[in-house]
Amino acid sequence: MRHIKTGLLAGLVAASMMPAMAATTLIKNATIYTQTAQGVLQQSSVLFENGTIVQVGDYDGSADTVIDAKGAIVTPGLIGTMNQLGLIEVDAVSSSADVGTDKANAAFDPSLAFNPKSSLIPLARKGGITRNVVAPTYSHSVIAGQLKAVNLSGELEGSVHSEPVAVVSYLGASSEDSRAVALAKLRHQLEDLQQYLTKKKTDEDAKSDLSERERVVMERVAMGELPLVIYVDRAADILQVIELKTELGVELVINSGMESWVVAEQLAAANVPVILNALAALPSNFDSLNASLHNAQRLEQAGVDVIIAESGDRNHRLYQLRFQAGHAVANGLTFEQALSAVTSTPAEVFGLTDVGQIAPGKRADLVLWSHDPLDLQGAVEKLWIDGKDASTQSRQDALRDRYMMKSDMPKAYLK
Amino acid sequence: MRLLPISAAMFGAIALSACGPQDSQKGAQSAHQKINTNPYPSTYKVLPRQTTLITNATVLTGTGERLNQTDVLIQDGIIAQVGTDLTAPENVQVIDAKGKWVTPGIIDVHSHLGAYPSPRVESHQDGNEMTNPVTAEVWVEHSVWPQDPGFNKARAGGVTTLQILPGSANLIGGRGVTLKNVPSVTMQGMKFPLAPYGLKMACGENPKRVYGSRTEAPQTRMGNMAGYREAWIEAQQYRDAWQSYDADYEAGLNPKAPERNLQLDTLKGVLDGDILIHNHCYKAEEMAMMIDLSNEFGYHAGTFHHGVEAYKIADMLAQNGSCAALWADWWGFKMEAYDMVLENVAMVDAVEKSCAIVHSDSENDIQRLNQEAGKVLYQAQRSGFDLKEEDAIVWLTLNAAKSLGIEDKTGTLESQKNADLVIWNQNPFSVYAKAEQVFIDGAKVFDRNDSAYQATSDFLLGQQ
């Protein structure tokens, strides 16, 4: 029987027993990845108050709570994207899944189904994720629905941001119909809407085919105010959707994009960001024959903004987002590029202007790490969402502790 | 069918001698019918190899040892020596592995490569014969597409041996096959010589969902259990029939051989101890029942795969001599996968005589099994387990070899074992680690820095 060391676990628990919520908190002696032009600050400090970062850099003053990082790394909270966290509990339990609808349109807001108490969320926090962009799953409709940002505080009230951050459309390989149909439908909807918007300037009675609730969202897409995220892999299809941007002026984001690197120059020229899985190395169908572990690297080299997202089990194991970023480093990204791909870049692309960076005025979504945050040895020591301590204790930890304890009574009595 | 078993056995013993009273009856006997247990034999040939000395590496032996600044000598396809300052024989290729790590080749006990290949198109869905809850008659080797690009990706991740299993829709899904991860035009060219066959069984949600949704049996977990028991009763009868036939034949009689039944051939192979069970089973109470089931019918319950709740019955698994092949952190896709703990592998491993394995069941995770084990290792360290890199490698090598019944051939860097090994650019349990060179039977099969050793599948060749 191997010895089980108990001291380490106890030490970690003690370290997290800080006062719950104080007016000002100071993290000092930290290596701070600001994700701003300031870059990485050694032996530096970050001060926050009531959920907002007040000061970053040298700070000699006091604070209600002071945490000595002893050189450890502090990063912005990580940002998950394109998943259904909080919309599903168990995939095979249909009553627990509220991830999308085939009757979707731009008015569909999946976050109305968001459950901050989902058992998946504490595990995501264990991966340093503080904020997340939930997206509806595949729909036969032209627009599968809205993307909404949430915080992962687990609090029943106030977790969901009020405004949508994008809408999403699924294009590319389809077993049911020609891919040309879906692309044409999307294009026609955008063209019709732009014609309507032009007409409306002179004709008050101008009519749109869309319902009022869809129209108010799609108008913002047509005017380039709200990004349109398009799920697509094949290089030729990516060029087709880039044309939507150049011709119609919509703000475009590619999702999945397994062959993006093939058209990296075109994506860079059109200023189109790509959300990808940095581990996708095998063709899932004929749309991704050029899948490559160097997708992210080649896009970065061409000047394309890259967001790294979980795509396999993107909900239950969202916590490993940081490991995927680490693998991206092993395959050619710099550490800071990889960190940007899970912090400042998703914040920028989705207009979450107050997160993703460590700078005065930003929300205090912060993570203090034990080691390198992208490596397997690294773990979250402490995590704050909107300046509040957030626990990383999960249901998995409770089960582990129950079955690690010795007792003459059945485990059911151990809580 | 069974005639005078005791005396038949006695006659059998006598028949082994050169002469005896049976000689006179031999003319009356038809040819002795036997089941050919190896009709699709391995044609594996070692790739070109040379004597190789790897020097100054950090060596994880797969036996729980870590040896610093150590040399490994590969000669004639086997591990000749592991030690410090080894003398280089003539014509040896020397690899300076200063700063690098060497481990046994990684063994994945649960893969569907070739049977559910990439791309995952309709025409390639060959992994599960979902036409009957008991399909012990199918052999997954007959579905393996050797051109699956996933084999090459797995090799680049240090995987030298892998067991391909049928899917889990059936109570008894068919035979698995153990392959060496070498490029080949035929399945037989990959087949691991002399590795025992595996038999896939599945508990829980999948069989009852697949057949229950067709209003066929099984529709419930109790239906699952009834299905296994009926199959094993038939298998026992079949085994007994062959035993009687063989005994009668040995006794000089001229019995009629039992009618061949492919399904029962395989189940008989399990009862005879020749075929190893690989049981897809998530939950504690179901694994406990599968152990009782094996005792009811007289076979070994083998390895439990997926075992998300293995930590709840770690003692029971070890006492039964059952390996548990587990994921680092998969959960939540079904109810039976809800009670995941990140320390599952470590908790199973902590018990004496345990056999914890990290498996993939994934064309993606098989490319990074070292890091899947790394997740467990460092999470468990944080939770207070006294585990090190030299312990974690056992989950991917020796224990996996035990599960497949090939631990006498591969899975450790002990002298005389097959030279299946990986040179890593650093600690293999780091997220930044990469396999630099991979050897199978002493032959280099992958080199990250030499495209001459990077195989490409026919399917991807010439694609634009």
Side-chain angles (χ1 to χ4, degrees), chain A residues 1-10 12 88-93 119-120 123 126 175 279-291 293 312-313 315-317 319-320 322-327 329-331 370-372 374-379 394-397 399-400 403-404 411, chain B residues 117-122 148-150 153 156 205 209 311-312 314 328-344 346-347 349-352 362-365 367-368 371 374-375 377-379 381-387 391 425 429-434 459-460 463-464:
Chain A
M1 168 91 80
R2 290 211 166 87
H3 294 293
I4 309 297
K5 291 187 286 190
T6 50
L8 182 57
L9 193 61
L12 288 169
I88 189 160
E89 200 64 25
V90 177
D91 297 283
V93 175
S119 69
L120 284 71
L123 186 61
K126 213 182 268 294
S175 54
L279 302 180
L282 284 167
S284 46
N285 55 34
F286 279 84
D287 277 17
S288 47
L289 295 177
N290 288 297
L293 286 174
D313 179 357
N315 304 313
H316 292 91
R317 291 188 292 153
Y319 91 104
Q320 61 182 353
R322 64 197 181 92
F323 300 146
Q324 197 198 130
H327 287 293
V329 173
N331 289 293
S370 67
H371 301 82
D372 176 348
L374 306 188
D375 205 351
L376 304 173
Q377 285 197 47
S394 67
R395 179 171 178 271
Q396 290 79 28
D397 297 324
L399 278 165
R400 173 202 59 210
Y403 282 88
M404 291 293 291
K411 299 287 188 191
Chain B
S118 300
R120 278 210 162 195
V121 293
E122 301 93 319
D148 181 352
K153 294 290 182 191
E205 288 188 41
R209 172 172 47 80
Y311 65 93
K312 298 184 184 179
D329 55 10
W330 286 30
W331 74 289
F333 40 97
K334 294 185 280 188
M335 274 312 288
E336 62 191 8
Y338 197 56
D339 281 1
M340 180 274 280
V341 301
L342 293 168
E343 294 82 356
N344 193 15
M347 288 168 78
D349 183 71
V351 176
E352 215 168 326
S362 157
E363 69 276 23
N364 295 315
D365 287 2
Q367 300 171 39
R368 288 169 290 276
Q371 282 125 351
K375 283 189 208 167
L377 169 63
Y378 298 119
Q379 171 68 27
Q381 281 185 354
R382 280 182 67 81
S383 303
F385 287 80
D386 183 17
L387 285 167
D391 303 310
N425 64 341
F429 301 109
S430 164
V431 79
Y432 307 120
K434 285 175 155 185
F459 174 72
L460 287 176
Q463 301 277 10
Q464 293 181 5

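We name chains A, B, ... by the order of the sequence lines, and we start the count at 1 in each one. These figures come from a predicted structure and were not determined experimentally.
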Interatomic distance, OH@B:Tyr311 vs CE@A:Met404, rounded to 0.5 Å, equals 12.0 Å

ring-ring contact (aromatic ring centres under 6.0 Å, His included) filter on A:His316, not counting sequence neighbours, yields B:Trp331

When rounded to the nearest 0.5 Å, the distance separating CD of B:Gln463 from CZ of A:Phe286 is 6.5 Å

Check your understanding: Is there a side chain to side chain contact (heavy atoms under 4.5 Å, CB included) between B:Tyr378 and A:Asp375 once you walk through the steps?
Key -> CA-CA 10 Å; B:Tyr378 298 119; A:Asp375 205 351; over 6 Å; no

Per-residue tally against chain B (heavy atom, under 4.5 Å) across A:Asn331, A:Leu279, A:Asp372 peaks at A:Leu279

Inset, instruction - Using a 4.5 Å cut-off on heavy atoms from C-beta on, say whether the side chain of B:Val431 contacts that of A:Arg322. - result: no

Cut-off 4.5 Å, heavy atoms of chain B, and the answer for A:Gln324 is neither

Whatever's closer than 4.5 Å to a heavy atom in chain A on B:Asp148 counts as neither

When the 4.5 angstrom heavy-atom criterion is applied to A:Lys126 and chain B, the contacting part is side chain

Practice prompt. Would you mind reporting whether B:Tyr338 and A:Val90 have side-chain heavy atoms less than 4.5 Å apart?
Written response: yes

Under 4.5 Å to a heavy atom of chain A? For B:Lys153 that would be side chain

If one checks every heavy atom of B:Arg368 against chain A at 4.5 Å, the contacting part turns out to be side chain

Q) Does A:Arg317 reach the side chain of B:Lys375, with side-chain heavy atoms less than 4.5 Å apart? A) yes

Correct closest heavy-atom pair for A:Gln396 and B:Val341 would be O-CG1, 3.4 Å

Closest non-hydrogen atoms of A:Leu376 and B:Ser430, given as atom of the first, atom of the second and distance, are CD1-C, 4.1 Å

Output for pair (A:Leu399 CG, B:Met347 CE), nearest 0.5 Å, gives 9.0 Å

dist A:Asp313:CG -> B:Phe333:CZ (nearest 0.5 Å) comes out at 8.0 Å

Value for CD (B:Gln381) from CD (A:Gln377), rounded to nearest 0.5 Å, stands at 6.5 Å

- Query: Which is it for B:Gln379 and A:Arg400 under the side chain to side chain contact (heavy atoms under 4.5 Å, CB included) test, yes or no, and what are the steps along the way?
  - Reply: CA-CA 12 Å; B:Gln379 171 68 27; A:Arg400 173 202 59 210; 3.9 Å; yes

Per-residue tally against chain B (heavy atom, under 4.5 Å) across A:Ile88, A:Asn315, A:Leu374, A:Leu293 peaks at A:Leu374

When every non-hydrogen atom of A:Leu123 is compared with those of B:Leu342, the smallest separation belongs to CD1-CD1, 4.1 Å

Turns out that what part of B:Phe429 lies under 4.5 Å from chain A's heavy atoms comes down to backbone

Smallest heavy-atom separation, A:Pro283 atom then B:Ser118 atom, equals O-CB, 3.3 Å

*Check: B:Gln367 and A:Leu282 side chains under 4.5 Å, non-hydrogen atoms*: yes

If one checks every heavy atom of B:Glu363 against chain A at 4.5 Å, the contacting part turns out to be both

Note, A:Asp91 side chain near B:Lys334 side chain (heavy atom, < 4.5 Å)
no

Honestly, the part of A:Ser370 sitting under 4.5 Å from a heavy atom of chain B is side chain

Separation between CG (B:Asp329) and CZ (A:Phe323), nearest 0.5 Å, reads 8.5 Å

If one checks every heavy atom of B:Lys434 against chain A at 4.5 Å, the contacting part turns out to be side chain

